[in-house]
Amino acid sequence: MNLLLENKINEVLADIFKSLELDEKFAVVKVSDRADLSDFQCNGALALAKIAHKNPRDIASAIAAKLADCDFCESVSFDGPGFINIKLKNEFIAQSIDKMAEDERSGCGTVDNPHKVVLDYGGPNVAKEMHVGHLRSGVIGESIRRLELFVGNRVISDVHLGDWGTPMGMILAEIIKHDGNLEKVETYNIEQITEFYKAANVRCKEDEAAREDARKITAALQDGNPEYRKAWQHLRVESFKAIKANYKELDVHFDLWLGESDAHETCREIVKIARDKGISEVDEGAEIIRLEESNKPKPPVIMVKSDGGFGYQLTDIATIKMRVDDLKASEIVYFTDSRQMLHFEQVFEAAEKLGIAPQVKMQHIVFGTVNGADGKPFKTRDGGVMDLKTLIEISKDKVRQSLPKAGEVEGYGEKEIEKLTWQIAIAAIKFQDLKNTISSGYVFELDDFAKFEGKTGPYIQYAVARINSILRKAKAQGLSEGKVILTAPEERVLALKLLQIHNVVMRTHTEKEPSIIADYAYNLAQIFSSFYNACSIMNAEAAELASSRLKLAKLVRDVLTLMLDLLGIEAPEVMLKAEN
Ligand code: ARG
């Protein structure tokens, strides 16, 4: 059920426009910029007047006169050069809220044409500690996954691990240098593997021969060398465990745990398709696809490197084919930072040339970096990259300071306090990320992000917990929800805000921009606060008012919980703070 008030007004307006022989295209309202004057406004008269060379005020006056007769308008006026101002009847808003409270989707519609979306986020490389740079792709991707499902699409998310590139050869080469062979590989844990990778990085930076060695081993690994494959399999399994643990802690879910290596067979197919179609060529020993016929010249896609190894671009092109053929994707969305912009432009264009994804929408969502107070990518105090586990620990430590100790509150032992700490810490991290528009980077605020006040995740969780406590008290007093009656201005403002939910969710979905939901949740929590200060529930002037306000409060709780869920955040029943 889509309860958007705008839709209802637009329908009536369209009929009026038709009867006045005006183009219905302009029969649209938007939430008013001047809430003191009106709830909604229609600016169509201005555009119509321009086309018809008429006075916009005459057109506006004709529309306003007819609209004033409709049963849900309290008042209709026009001002300025022809803005039509619409104020709705309280009963109409109240009835819409009653319907919203009955709807299990709280008045949110679904997409008109549900389809299958593959989401590619996360994407860590194996044998590397996950760090703060890995945060955004997972956090944003998870939110979009939940949103896609909520609006009715079928979704498959894939972590797409980096497990097939030169770093693999680099580690194996490093272990061979250290041990003389690969016999001990299977005894190495993730910390040891990561150390080898770090050493390999240093060596390869300085030494061309080491780089050459790593490339050769990578090519042989990809080609099926059994010894390398066996050792690599162990690196991969160990990394998987660590990566899975990190994502579990972050509450980021994947349907598929595939990696670049899973595309290997399809890479061969792609090379063949390119050859058969005559779109590849050999250039200095490498097999490439040139892209320069396109409007924006780009470097060629290197499918097969001169040493025979498959490149990163080829694995992505092959993965597209698998997602289209096997997963039946009609949309594929990638989430990475801006360094991979060119990569995806090349990959999408090559896929088009190859004809492997006809009519499939492919989109690369680019996000900004997580920065420190100096505006540069976030580092630890000693200048190193902050790993993800440390970041989560920092957040938990902050949260612990605001919570009672285990055993201090009845029913809250070690386990319960830990769970709550985790729920709030993850909310703090995720909300701080998602409240920013995706494309802009943001400064990781170490002081305020886990506070229970301000535009933070814990603040929204706290608003939910506070309403839970109101609902418990009301229940204890035998108070139940009833028909909504709007008397105070604060009730009206709150009701109108609640009724925006459909728009908020749909805009977040089309723009792939969770900050819209974050903003809405924050504003709604604030508006609820003003409402609750002005309108007592337990001591309402009349029993019907108490029941009406209780219904509004519960609806706010449900909507905030839903918004948090769409951001990938849990809403605990209580927050163990004063007032609960
Ligand atoms: N593994 C890549 C990296 O660390 C990110 C993967 C993004 N997804 C993709 N399909 N290429 O840079």
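Atoms within each ligand, like the ligands themselves, are counted from 1 in listed order.
The salt bridge (charged side-chain N to carboxylate O under 4.0 Å, His left out) test with R275 singles out one residue from E269, E281, E287, and that residue is E287.
Shortest contact from atom 8 (N) of ligand 1 to any protein heavy atom: D120 OD1, 3.0 Å.
Atoms NZ and CD, from K430 and E570 in turn, are 8.5 Å apart once rounded to the nearest 0.5 Å.
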Verdict with supporting geometry, R507 and E513, salt bridge (Lys or Arg N to Asp or Glu O under 4.0 Å): CA-CA 8 Å; R507 264 182 56 222; E513 186 59 86; over 6 Å; no
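For the residue pair H509/E148, the side-chain donor-acceptor check at 3.5 Å is satisfied. A donor-acceptor pair shorter than 3.5 Å can be found between the side chains of H253 and D255.
Interface atoms of ligand 1 facing T336, defined by a heavy-atom separation under 4.0 Å, are 7 (C). Numbered from 1 in the order shown, with element, the atoms of ligand 1 that lie under 4.0 Å from a heavy atom of F344 read 9 (C), 11 (N). Which parts of ligand 1 touch N125 is read off a 4.0 Å heavy-atom cut-off, strictly below it: atoms 1 (N), 2 (C), 3 (C), 4 (O).
When the options Q340, R323, E260 are ranked by their closest heavy atom to atom 12 (O) of ligand 1, first place goes to Q340. Which of G165, G133, G162, G123 comes nearest to atom 1 (N) of ligand 1 through a heavy atom is settled by distance: it is G123. Selection from Y312, F335, Y334 by nearest heavy atom to atom 7 (C) of ligand 1 gives Y312.
Shown here is K419, whose NZ atom has no more than 12 heavy atoms of other residues, nucleotides or ligands within 6.0 Å.
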